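Not measured: the values here are computed from a predicted model. We count ligands from 1, going down the list as the structure has it; atoms in each ligand are counted the same way.
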Amino acid sequence: MFKKILIANRGEIALRIICACKELGIPTVAVYSEADRDCLHVRFADEALCVGPARSSDSYLNIPSIIAAAEVTNVDAIHPGYGYLAESSYFAEVCETCGIKFIGPGPSAIKLMGDKAEARKTMHEAGLPIIPGTGVLEEDIDEPEEDLAEIRRQADRIGFPLIIKAVAGGGGRGMRIVQEAEQLASSLSTARQEAKGAFGDSSVYMERYLENPRHIEFQILADQYGKVIHLGERECSIQRRHQKLVEESPSPVMDEQTRRSLGKQIVQAVSAIGYENAGTMEFLRDDKGDFYFIEMNTRVQVEHPVTEMVTGVDIVKEQIQIAAGKKMEARQKNVALLGHAIECRVNAESSTTFAPCPGRITAYHAPGGPGVRVDSLAYADYVVTPYYDSMIAKLIAHGANRQEALHRINRALDMFVLEGIETSIDLHKRIINHPEFQAGRFGTSFLDGVLKL
Ligand code: ADP
């Protein structure tokens, strides 16, 4: 087992990793920015090092600083949590070169799945259904007209509406819906510019746009000895701006037979690429009930707790043990989804515009009671700064069935005291109590289509 782990992240996920390390008896090193001296991950880790100024690029994402901290504290592994470093094949490679185990898949798997067009192709070849679309749209600077004519032909083949997506996209950014052929040329050039600005890579591809689909994803675990299992699905259709807001497991529309057959296909596909560690296979489900692979996330997800609550598997502990070379003991036939879990992401943001609302938390009390879990960085007097992600807490409720989970999350939202800043708690109450949500009838357009936000 590892002797010491550095956590290259902040906030609730850094705390979550500390929980797993404490239970495994592994000392931890926290890193923090100058703005985060008073953060709980600094307090609960065994050692803590300041890695730079507030801006993420100068501290948390500053690879030389992170590696220097790891060398100074003599750790043998780094857990990147979720986010940029977790998805950086370069960072994973640097860790490897420095003889530090990156807790996650190898650099080549991160690279392959980080290219969404390549990921589509690979998973299609491995037997998974994908949405009709294209590979990377090459940009021929010398013959722009010919180029565009070919792209138009491909678009006509896919049909409208379609969506242009950044190959390097993530976090719900880098997507542009094209309603009709006339918009194609201008949307393409805007999408390329946006992709270049956001991800430093202007490569894009096209896919058919599904109207109000469901986003359903499978959690997988794979050890170093070729064993792959899945932990069932998560329903993540409640989104704002293509970013998840509420997640649950199981999905209200999944039946046991589909879970088993799709799960088997997924395990085969993941085995085919020789994947190691935790990962998530994301799908869209159309109104006919057909599933299409859209991307793989090669890291722990924000919404992993709902899976933990229904399966009883500690995903972060599994990640660490797999990285340390331990054989996975869990067997697919013993994985069962018991009861139902729902998670609300509590963000410091406006419930109407979704703009971040930083500020001082004046009063804080996290709800407890049976079946309630809160993963949070917050406390009374904590100042939410504008530098980082606006998520300040994840509220998760588990019940014997969906009905009980809904009652629990509802009363927990009522008992969540978080004052001084605007949060998404009230929006969550609206979502959870909406008759269509309660009935399990919703898709990715719920917020704009049903709540008119
Ligand atoms: P990211 O990597 O940025 O999270 P994804 O490819 O996972 O992007 O897509 C995020 C969300 O965008 C999906 O959950 C869905 O709501 C929407 N989306 C993506 N592709 C399509 C599509 N082809 N049709 C309809 N909605 C889509």
Side-chain angles (χ1 to χ4, degrees), residues 82-84 86-88 110-124 128-137 154-155 157-179 187 191 194-195 197-201 203-219 233-248 251 253 279-288 290-304 345 354 389 391 442-451 453:
Y82 47 67
Y84 177 79
E87 290 169 0
S88 164
I110 301 177
K111 197 167 190 171
L112 180 64
M113 293 299 132
D115 179 325
K116 293 170 73 162
E118 268 308 302
R120 257 168 68 82
K121 187 164 161 268
T122 307
M123 287 305 168
H124 189 50
L128 293 180
I130 56 169
I131 303 176
T134 66
V136 181
L137 300 175
Q154 298 193 48
R157 183 177 51 79
I158 296 169
F160 290 90
L162 58 77
I163 184 166
I164 305 175
K165 297 170 87 169
V167 161
R173 294 177 310 151
M175 282 182 273
R176 195 152 269 272
I177 300 157
V178 188
Q179 296 293 348
S187 297
E194 282 176 358
F199 312 106
D201 179 355
S203 311
V204 294
Y205 64 104
M206 294 187 290
E207 220 172 61
R208 181 178 298 158
Y209 181 72
L210 304 181
E211 299 282 356
N212 198 24
R214 283 178 177 260
H215 175 123
I216 295 176
E217 58 187 33
F218 274 70
Q219 174 73 53
E233 80 284 358
R234 292 186 286 259
E235 164 78 62
C236 308
S237 303
I238 302 292
Q239 306 177 348
R240 57 127 173 71
R241 306 215 165 117
H242 303 306
Q243 283 179 310
K244 299 158 189 166
L245 209 53
V246 178
E247 300 98 346
E248 56 185 301
S251 162
V253 293
T280 297
M281 300 287 279
E282 297 195 334
F283 292 81
L284 294 183
R285 176 191 181 272
D286 68 10
D287 50 13
K288 292 200 284 298
D290 291 327
F291 284 81
Y292 302 94
F293 169 83
I294 48 168
E295 67 163 345
M296 179 178 200
N297 282 321
T298 55
R299 53 174 167 80
V300 66
Q301 304 262 109
V302 173
E303 60 273 22
H304 76 277
R345 297 189 190 193
F354 307 121
D389 189 85
M391 192 178 75
F442 54 84
T444 55
S445 308
F446 181 81
L447 251 62
D448 38 345
V450 181
L451 294 190
L453 285 172

(request) Find out whether the Lys NZ or Arg CZ of R120 is both under 6.0 angstrom from the six-membered ring centre of F293 and within 45° of the ring's axis. (result) no
(message) I'd like to know if E233 and R285 make a salt bridge, using a cut-off of under 4.0 Å between side-chain N and carboxylate O.
(response) no
(message) I'd like to know if the side chain of T280 pairs up with that of R234 as donor and acceptor (distance under 3.5 Å, no hydrogens or angles considered).
(response) yes
(message) Please report whether ligand 1 has a polar contact with G171, defined as an N or O pair separated by less than 3.5 Å (distance criterion only).
(response) yes
(request) Report yes or no: does K244 have a heavy atom closer than 4.0 Å to ligand 1? (result) no
(request) List every atom of ligand 1 that sits less than 4.0 Å from any heavy atom of L284, numbering the atoms from 1 in the order shown and giving each element. (result) 20 (N), 21 (C), 22 (C), 24 (N), 25 (C), 26 (N), 27 (C)
(request) Report, in ascending order of atom number, the atoms of ligand 1 lying under 4.0 Å from any heavy atom of H215. (result) 13 (C), 14 (O)
(request) State the atoms of ligand 1, each with its element, that fall below the 4.0 Å cut-off from a heavy-atom position in K165. (result) 6 (O), 19 (C), 20 (N)
(message) Can you tell me how far apart CD1 (I294) and NE2 (H215) are? Round to the nearest 0.5 Å.
(response) 5.5 Å
(request) Considering only non-hydrogen protein atoms, determine which one is nearest to atom 10 (C) of ligand 1 and report residue, atom name and distance to 0.1 Å. (result) M175 CE, 3.8 Å
(request) Go through the steps to decide whether R214 and F283 satisfy the test side chain to side chain contact (heavy atoms under 4.5 Å, CB included), and finish with yes or no. (result) CA-CA 8 Å; R214 283 178 177 260; F283 292 81; over 6 Å; no
(message) Counting non-hydrogen protein atoms only, what is the nearest one to atom 3 (O) of ligand 1? Give residue, atom name and distance.
(response) G172 N, 2.6 Å
(request) Measure the distance from atom 15 (C) of ligand 1 to every protein heavy atom, then report the residue, atom name and distance (to 0.1 Å) of the closest one. (result) Q239 OE1, 3.9 Å
(message) Checking the N or O distance criterion of under 3.5 Å, is ligand 1 in contact with I131?
(response) no
(request) Can you figure out which of K116, E282, E207, H242 has its heavy atom closest to atom 8 (O) of ligand 1? (result) K116
(request) Kindly check if the number of other-residue, nucleotide or ligand heavy atoms within 6.0 Å of OH (Y84) is above 12? (result) no
(message) I'd like to check whether Y209 has a polar contact with ligand 1, where a contact means an N/O of the residue lying under 3.5 Å from an N/O of the ligand.
(response) no
(request) Report the nearest protein non-hydrogen atom to atom 2 (O) of ligand 1: residue, atom name, distance rounded to 0.1 Å. (result) E295 OE2, 2.7 Å
(request) Have a look at I294, L210, T444 and point out the one with the heavy atom closest to atom 24 (N) of ligand 1. (result) L210
(request) Measure the OG-CD1 distance between S187 and I163 for me, rounded to the nearest 0.5 Å. (result) 11.0 Å
(message) As a quick check of understanding, evaluate side chain to side chain contact (heavy atoms under 4.5 Å, CB included) for E217 and N297, giving each step before the final call.
(response) CA-CA 10 Å; E217 58 187 33; N297 282 321; 5.5 Å; no
(request) Go through the steps to decide whether E207 and I130 satisfy the test side chain to side chain contact (heavy atoms under 4.5 Å, CB included), and finish with yes or no. (result) CA-CA 9 Å; E207 220 172 61; I130 56 169; over 6 Å; no
